[in-house]
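Notes to accompany the following structure.
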There are 4 protein chains.
Amino acid sequence: MTVMGTARPAGRPRSERAEKAIVDATLDLIGEGTSVSELSIEAVAARAGVGKTTIYRRWANKEELVGDALATLKAPLPVVEGRTVREDLVAYLDVMRQDTLTLRTRCIMNIAMSEPDRHPNLYERFHKTAIEPRRAAMRAVLERGVATGELRPDLDIELAIGMLSGTMLWYTKGAAHNNTPLADDLAARIVDEALRGFLSR
Amino acid sequence: MTVMGTARPAGRPRSERAEKAIVDATLDLIGEGTSVSELSIEAVAARAGVGKTTIYRRWANKEELVGDALATLKAPLPVVEGRTVREDLVAYLDVMRQDTLTLRTRCIMNIAMSEPDRHPNLYERFHKTAIEPRRAAMRAVLERGVATGELRPDLDIELAIGMLSGTMLWYTKGAAHNNTPLADDLAARIVDEALRGFLSR
Amino acid sequence: MTVMGTARPAGRPRSERAEKAIVDATLDLIGEGTSVSELSIEAVAARAGVGKTTIYRRWANKEELVGDALATLKAPLPVVEGRTVREDLVAYLDVMRQDTLTLRTRCIMNIAMSEPDRHPNLYERFHKTAIEPRRAAMRAVLERGVATGELRPDLDIELAIGMLSGTMLWYTKGAAHNNTPLADDLAARIVDEALRGFLSR
Amino acid sequence: MTVMGTARPAGRPRSERAEKAIVDATLDLIGEGTSVSELSIEAVAARAGVGKTTIYRRWANKEELVGDALATLKAPLPVVEGRTVREDLVAYLDVMRQDTLTLRTRCIMNIAMSEPDRHPNLYERFHKTAIEPRRAAMRAVLERGVATGELRPDLDIELAIGMLSGTMLWYTKGAAHNNTPLADDLAARIVDEALRGFLSR
DNA sequence: TCCTAAGCGAGACGGTACGTCAAGTCTTAAA
DNA sequence: TTTAAGACTTGACGTACCGTCTCGCTTAGGA
């Protein structure tokens with residue numbers, strides 16, 4: 001008699017070694033600058049020392065493979081609970097800045113954000129697992145700021161998130177293009193400017 | 001013997017019809033949502049009713065073809081000289097918003113901004129002809145604002161540009177993803193929030 | 001201690017059901033017109049409801065499987081002991097003709113004789129179990145004919161066998177190709193012509 | 001203005017070098033004992049130093065390629081017009097015997113005759129270009145023999161053809177199997193036996 | 001009643017070849 | 001010399017089987 005529930009399916013179980021090798025090969029290739037379109041299953045199979053079938057058996061297409069591969073890298077959301085709203089916001093934005101420092105993360109972001117129309121599922125997944133949590137964390141900080149009176153009570157919180165994240169993204173794009181690192185105090189300067197406003201008073 | 005000066009080269013002159021057909025076909029395909037990577041010279045040639053050689057003779061690679069094709073669309077920079085800094089900024093940002101309304105522009109932006117690492121020259125050209133002028137125009141407005149005392153004298157103007165453009169870009173990305181149009185008053189709300197600052201006073 | 005002799009090997013005995021299912025599936029597929037080269041072990045296993053391993057455990061390769069499968073069909077050699085040499089020869093040749101009437105036998109012959117170079121063992125077996133006995137039977141008839149004086153004393157018996165069998169084979173080939181049945185009296189006509197000779201006297 | 005008739009099609013003409021290389025590679029491989037089923041387009045392409053497309057552009061499938069390849073080898077039908085029917089028949093049969101002496105011809109025959117059901121078009125072509133002409137030549141000889149009174153007036157000519165060719169084929173099969181050469185005087189012995197008949201008078 | 005050994009179906013494994021497609025280059029006759 | 005057409009080599013695509021290998025389970029005889 002067998003214990004009910006998730007009965008192990010018949011036949012030889014899929015090799016975890018193979019799976020890992022495939023994912024690693026995919027990430028390697030992406031890390032070397034291969035775009036999703038350029039990434040060939042054949043190359044992944046060769047690099048992983050695996051038959052093509054073994055890849056096709058698990059993933060229906062490149063997108064899903066890349067999606068799963070990127071998912072294994074999901075960096076943990078930093079938990080920053082500082083004393084002031086400003087400190088927290090700076091911390092969150094600075095994480096975004098630091099992400100751009102490692103080649104791998106840069107490549108991944110490039111991939112994930114590059115062709116939302118072309119690889120919608122990919123973008124969707126990236127959005128759910130990477131963007132949305134960060135947005136939520138930032139929202140919490142801003143709402144706390146409004147609650148404590150630190151921030152304007154009529155502040156459009158979604159808009160504020162957009163301003164902070166969008167600005168950092170703008171710089172990230174530029175930095176990726178110029179291949180120059182972002183200034184250490186960039187996050188602080190963005191937050192300060194946003195908090196204070198441009199007007200003279 | 002040939003007449004000196006801008007001597008007309010020997011042989012059959014290049015067909016302008018062919019050139020135009022090629023560029024049109026390229027734009028058509030891009031407008032239909034074909035990414036740069038997916039865009040096949042074969043398809044362009046077929047659509048244009050032209051031999052592949054005729055394309056390769058004029059452009060060394062896809063990038064240059066796409067670059068030239070996009071260049072023919074360069075929308076004129078709007079000349080907005082309003083009464084206040086706020087009005088001008090809103091006007092500029094709103095042009096960006098309106099750009100997202102037409103499918104073709106959306107596709108082009110997607111293409112141009114999608115893979116800076118993959119197609120650096122393409123991004124470079126787009127940057128020079130589309131982004132830099134807009135940035136310059138915005139910079140002029142902000143400098144005028146500082147000069148007139150409307151804006152803080154210590155305002156980091158580059159950062160301010162980044163905040164305004166980046167925020168709009170952030171929304172544009174989101175809208176492209178959700179396929180929802182941007183609110184009519186978005187530009188105004190961004191500018192107002194930026195001018196005022198988030199703080200309570 | 002075990003009883004000496006053909007000691008039953010340890011472990012679970014091989015399933016006769018499986019063996020039969022495999023052979024039947026093989027014959028079915030061959031009967032449906034699958035050539036040896038086209039015959040896939042995978043298909044046999046699927047048709048037999050059996051794991052591939054179960055096949056490979058018993059047969060080293062396709063040839064042996066097909067050989068054993070065909071061997072199970074070995075039709076009994078007809079025993080014809082007529083009054084005259086002519087009657088016996090006609091009887092033997094007519095058996096060959098009748099063999100071509102059933103699809104299965106036709107397929108089998110096709111297979112067995114098709115690629116002696118490719119599947120030498122297969123041909124060898126077919127030769128030993130099907131051709132050689134018939135040849136021997138025919139040889140006996142001819143030798144009896146020579147002994148009784150019915151046939152020329154200097155008749156080259158091997159050659160005579162070749163003429164009779166080869167002629168029938170020639171017709172069989174042609175019939176397989178045109179998909180037309182062989183005439184009922186073909187065997188008799190071949191034998192008569194062979195016995196009499198072509199010359200006018 | 002173009003000369004009418006078989007107007008040369010536009011574009012680069014197909015390379016005769018490539019065509020020849022492909023056919024040669026095919027014949028080489030067949031000559032090395034590769035069966036039709038085993039023959040892989042990939043191998044032909046590699047051996048010929050040619051892209052697979054170049055093969056598929058010209059031939060829809062293996063059969064047609066092999067057919068055309070074999071067709072280039074079509075040995076000329078020997079013209080034998082001897083003094084007697086016997087001499088002519090012996091000459092024709094001996095050509096068949098000699099064909100079995102060269103490896104290449106043996107392979108080709110094997111291929112061509114091996115799987116009529118599997119490669120019907122191939123067999124059809126072989127039949128039309130190789131078998132039918134020989135049959136016709138032999139028929140002419142036999143009819144001449146009947147006309148001159150050398151042969152029985154009621155001789156079944158088609159049957160006679162079958163007896164002569166079939167017998168030689170029977171020996172050919174056997175020789176291919178045993179890898180022993182056919183006796184030099186085989187053709188003569190077959191013809192003599194056939195002309196004379198088996199009976200004692 | 002267990003233990004040991006082998007067979008069982010299932011199905012994953014690394015491969016090879018398939019036939020298709022597009023890449024970018026080359027070669028022709030005509031313009 | 002450029003044109004359109006279309007051949008060229010190259011290489012990835014996704015599929016089908018190959019023959020081997022693991023799984024957990026079954027089936028038997030002997031301890």
Side-chain angles (χ1 to χ4, degrees), chain A residues 2 7-15 17-19 38-46 48-58 60-62, chain B residues 8-15 17-18 38-43 45-46 48-58 60-62, chain C residues 1-2 7-15 17-19 38-43 45-46 48-58 60-62, chain D residues 1-2 7-15 17-19 38-43 45-46 48-58 60-62:
Chain A
T2 330
R8 196 173 137 321
R12 175 174 176 174
R14 298 196 174 166
S15 152
R17 273 174 76 302
E19 189 133 353
E38 283 173 349
L39 189 71
S40 91
I41 297 284
E42 211 121 292
V44 172
V50 139
K52 276 196 291 178
T53 333
T54 304
I55 299 181
Y56 284 114
R57 191 176 295 121
R58 293 153 201 263
N61 49 56
K62 253 190 298 198
Chain B
R8 193 172 137 322
R12 175 173 173 174
R14 294 197 173 169
S15 150
R17 273 172 76 299
E38 280 175 352
L39 189 70
S40 88
I41 297 285
E42 208 118 287
V50 139
K52 279 195 290 179
T53 334
T54 306
I55 298 180
Y56 282 114
R57 191 174 297 116
R58 292 154 199 261
N61 49 54
K62 253 191 299 199
Chain C
M1 193 155 297
T2 333
R8 192 173 141 327
R12 174 175 176 176
R14 295 194 176 168
S15 152
R17 275 174 74 304
E19 189 132 354
E38 282 174 350
L39 189 70
S40 88
I41 296 285
E42 209 119 292
V50 140
K52 278 196 289 179
T53 332
T54 305
I55 299 180
Y56 283 112
R57 190 176 296 119
R58 292 151 202 263
N61 49 54
K62 253 191 298 198
Chain D
M1 194 160 294
T2 332
R8 193 175 139 322
R12 175 176 176 174
R14 296 198 175 162
S15 152
R17 272 173 78 303
E19 189 131 356
E38 282 174 351
L39 188 71
S40 91
I41 297 284
E42 211 122 289
V50 138
K52 276 194 291 178
T53 336
T54 303
I55 299 180
Y56 283 114
R57 192 176 295 119
R58 292 151 203 264
N61 49 55
K62 254 190 298 199

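Naming convention: chains lettered A, B, ... in sequence-line order (proteins, then strands); numbering from 1 in each chain.
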Checklist entry - Can you name the closest pair of heavy atoms from C/Gly51 and C/Ala45 and give their distance? => result C-CB, 4.3 Å
Item to check | Euclidean distance, atom CD of residue C/Glu19 to atom C1' of E/dC8 [Å, nearest integer] | outcome: 14 Å
Item to check | Interatomic spacing from CG in B/Asn61 to CD1 in B/Ile41 - rounded to 0.5 Å | outcome: 8.0 Å
Next on the checklist: By the 4.0 Å heavy-atom rule, please label B/Arg58 as base, sugar-phosphate, or nothing.
Outcome noted: sugar-phosphate
Next on the checklist: If you assign each of D/Ala48 and B/Ala18 to its closest nucleotide in DNA chain F, which residue comes earlier from the 5' end?
Outcome noted: B/Ala18
Next on the checklist: Restricting to non-hydrogen atoms, name the atom on A/Val50 and the atom on A/Ala18 that form the minimum distance, rounded to 0.1 Å.
Outcome noted: CG2-CB, 4.2 Å
Between N or O atoms, less than 3.5 Å apart, protein on one side and nucleotides 23-27 of chain E on the other: list the pairs.
from, atom 1, to, atom 2, distance (Å)
E/dA23, OP1, B/Ser40, OG, 3.4
E/dA23, OP1, B/Ile41, N, 3.0
E/dA23, OP2, B/Glu42, N, 3.0
E/dG24, OP2, B/Tyr56, OH, 2.6
E/dG24, O5', B/Tyr56, OH, 3.1
E/dG24, N7, B/Lys52, NZ, 3.0
E/dG24, O6, B/Lys52, NZ, 2.7
E/dC26, O2, D/Arg12, NH1, 3.0
E/dC26, N4, B/Thr53, OG1, 3.2
E/dT27, O4', D/Arg12, NE, 3.4

Checklist entry - Nearest nucleotide by nearest heavy atom, which residue falls closer to the 5' end of DNA chain F, A/Ala10 or D/Val50? => result D/Val50
Next on the checklist: By the 4.0 Å heavy-atom rule, please label D/Thr54 as base, sugar-phosphate, or nothing.
Outcome noted: base
Next on the checklist: How many whole angstroms separate atom CD1 of B/Ile55 from atom P of F/dA5?
Outcome noted: 12 Å
Item to check | Charged N-O contact under 4.0 Å between C/Arg58 and C/Glu19 | outcome: yes
Item to check | Salt-bridge present (B/Glu42, B/Lys52; N to O < 4.0 Å) | outcome: yes
Checklist entry - Is there a donor-acceptor pair closer than 3.5 Å between any side-chain N or O of C/Lys62 and the backbone N or O of C/Leu39? => result yes
